[in-house]
Peer 1: 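I have a structure I would like to understand better, so I am pasting it below and will then ask my questions one at a time.
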Amino acid sequence: MRGIQWPAVMGIVNVTPDSFSDGGRFLDSGRAVEHGLELAAAGAAVLDVGGESTRPGSQPVPAEEQRRRVVPVIRRLAAEAGVPVSVDTTDASVAATALDAGATVVNDITAGRGDPAMLALVARAGAGYVFMHMQGTPATMQLEPRYDDVVAEVGAFLAQRREAAVGAGIPDDELVADPGLGFGKTVAHNLTLLARLADVVAAAGVPVLVGPSRKGFIGVAGGPPGAPLPVEEREDGTLAAVVWALDHGASMVRVHDVAPAAVAVRLLSSVAAANPADPDPPVSWRPPAPPAAP
Ligand code: HH2
């Protein structure tokens, strides 16, 4: 993903009636734009605009409806927000329209397995590409997730999808890999992926994005035993997961509430800068990507 200063915060703009934590709040395109501008002002380096909820049990939203929701929002944010805009979709036709409207990144939770046209489209457009691990589909993924070794399997999947993306013509410096917290994973799987995030980062070979924001495992692991926190009380736990992820090699975090994550990025960067000789700094330092060719 060129032109991004790592580590970075991706702000979530859900133009949906049914997202698990903010469904319906930004379905109106004017409110979605306003929200995106607020997230950019709060420190988002990328705005991720989606028109389809992928919460557990959700059904796909037709491409035409996704386009109707996201395109006006992307057009205005691309013109006004001053940061890159990403489209959160698995459908290449939606991605193509979004790229025409000014998006420069595609966030694909199927890592190119959902639509055979996706990788070639992203390559042709010269766009950034976030590719994510998911076991199953949103409709079924939380029914019975199973792994022999979740870290090894997710790492191997990301390495394999990186190869597929590069093979399709997307250069490494446009790629961001994502272990897909909450996508076909139990609470224990999510916690193991965070605990061993450094191994996932090493296997992926490209910058890694982590998306813990307000997810169920935050409520379970962050709440008192037997009393999971409801979704509206998961911001503190989200921030704890963000700090952990940044300290263990994540280059980007995807969150609903950008301001605290931006504070974490700045604070951890300052801590790292205070000890330049530290061989294991508390943020993953990757040099800023070179500017895109004219
Ligand atoms: N999580 C969600 C959606 N898209 N994309 C990536 N790359 N990584 C994630 O962890 C991720 C994602 C789910 O969060 P949200 O968009 O708030 O919910 P919903 O799918 O219900 O709209």
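The structure presented is a predicted model; accordingly, all values stated were derived computationally and were not measured. Any value given below was found using the heavy atoms of this structure, including those in side chains, with hydrogens, waters and symmetry copies removed. When a ligand or atom number is given, it counts from 1 through the structure's own listing order.
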Peer 1: Please lay out, stage by stage, how Thr110 and Asp108 fare under the test side-chain hydrogen bond (donor to acceptor under 3.5 Å, both in side chains).
Peer 2: CA-CA 5 Å; Thr110 70; Asp108 176 7; 2.8 Å; yes

Peer 1: Side chains of Ser29 and Arg76: do they bring a donor and an acceptor to under 3.5 Å?
Peer 2: no

Peer 1: Which residue owns the protein heavy atom closest to atom 21 (O) of ligand 1, what's the atom, and how far is it?
Peer 2: Ser53 OG, 2.7 Å

Peer 1: Atoms of ligand 1 less than 4.0 Å from Ser19 heavy atoms?
Peer 2: 19 (P), 21 (O), 22 (O)

Peer 1: What about Asp18: any of its N or O atoms under 3.5 Å from an N or O on ligand 1?
Peer 2: no

Peer 1: So which heavy atom on Leu194 is nearest to which on Ala241, and how close?
Peer 2: CD1-CB, 4.4 Å

Peer 1: Under a 4.5 Å side-chain heavy-atom rule over Ile, Leu, Val, Met, Phe, Trp and Tyr, are Val9 and Leu246 clustered together?
Peer 2: yes

Peer 1: Which donor-acceptor pairs under 3.5 Å do the side chains of residues 223-233 make with protein atoms, sequence neighbours left out?
Peer 2:
none

Peer 1: Could you tell me which atoms of ligand 1, counted from 1 in the order shown, lie closer than 4.0 angstrom to a heavy atom of Ile109?
Peer 2: 4 (N), 5 (N), 12 (C)

Peer 1: Would you say Asp91 and Thr89 are linked by a side-chain donor-acceptor pair, where the criterion is simply a distance under 3.5 Å?
Peer 2: no

Peer 1: Please list the nearest protein heavy atom to atom 16 (O) of ligand 1 with its residue and the distance rounded to 0.1 Å.
Peer 2: Arg254 NH2, 3.1 Å

Peer 1: Out of all atoms in ligand 1, which are within 4.0 Å of some heavy atom of Thr54? Include the element for each.
Peer 2: 3 (C), 19 (P), 20 (O), 21 (O)

Peer 1: Give me the nearest non-hydrogen protein atom to atom 17 (O) of ligand 1 as residue plus atom name, then the distance to 0.1 Å.
Peer 2: His256 NE2, 2.6 Å

Peer 1: For residues His189 and Tyr147, establish whether the separation of their ring centroids is below 6.0 Å.
Peer 2: yes

Peer 1: If Ile, Leu, Val, Met, Phe, Trp and Tyr residues are connected whenever their side-chain heavy atoms lie under 4.5 Å apart, and connections chain through other members, are Phe131 and Met141 in the same group?
Peer 2: no

Peer 1: Looking at ligand 1, does any of its N/O atoms fall within less than 3.5 Å of an N/O of Thr16?
Peer 2: no

Peer 1: Run Arg146 and Thr186 through side-chain hydrogen bond (donor to acceptor under 3.5 Å, both in side chains) and show every step you take.
Peer 2: CA-CA 8 Å; Arg146 269 175 200 275; Thr186 63; over 6 Å; no

Peer 1: Starting from atom 4 (N) of ligand 1, locate the nearest protein heavy atom and write down its residue, its atom name and how far away it is, to 0.1 Å.
Peer 2: Asp88 OD2, 3.1 Å

Peer 1: Does a side-chain N-to-carboxylate-O contact under 4.0 Å join Glu64 and Arg68?
Peer 2: no

Peer 1: Closer than 4.0 Å to some heavy atom of Phe183 - which atoms of ligand 1 meet that?
Peer 2: 1 (N), 2 (C), 3 (C), 9 (C), 10 (O), 11 (C)

Peer 1: Students should be able to answer this: which protein heavy-atom is nearest to atom 6 (C) of ligand 1, and at what distance?
Peer 2: Asp178 OD2, 3.1 Å

Peer 1: Below the 3.5 angstrom mark, is there an N/O of Glu52, backbone or side chain, next to an N/O of ligand 1?
Peer 2: no

Peer 1: Is there a polar contact between ligand 1 and Phe20, counting only N or O atoms under 3.5 Å apart?
Peer 2: yes

Peer 1: Pull out every atom of ligand 1 sitting under 4.0 Å from any heavy atom of Arg55, numbered as shown with elements.
Peer 2: 20 (O), 21 (O)

Peer 1: Report, in ascending order of atom number, the atoms of ligand 1 lying under 4.0 Å from any heavy atom of Asn14.
Peer 2: 15 (P), 16 (O), 17 (O), 22 (O)

Peer 1: Show which atoms of ligand 1 fall inside a sub-4.0 Å distance from at least one heavy-atom site of Val130.
Peer 2: 7 (N)

Peer 1: Of all residues at least two apart in sequence or in a different chain, which pass the side chain to side chain contact (heavy atoms under 4.5 Å, CB included) check with Ala164?
Peer 2: Leu119, Arg161

Peer 1: Which residue and non-hydrogen atom of the protein lie closest to atom 9 (C) of ligand 1, and at what distance in Å?
Peer 2: Lys215 NZ, 3.5 Å

Peer 1: Would you say that more than 12 heavy atoms from the other residues, nucleotides or ligands in this model lie under 6.0 Å from the CZ of Arg25, or not?
Peer 2: no

Peer 1: Does Asp48 reach ligand 1 with a nitrogen or oxygen that is under 3.5 Å from one of the ligand's nitrogen or oxygen atoms?
Peer 2: no

Peer 1: By number and element, which atoms of ligand 1 are closer than 4.0 Å to a non-hydrogen atom of Asn107?
Peer 2: 5 (N), 6 (C), 7 (N)

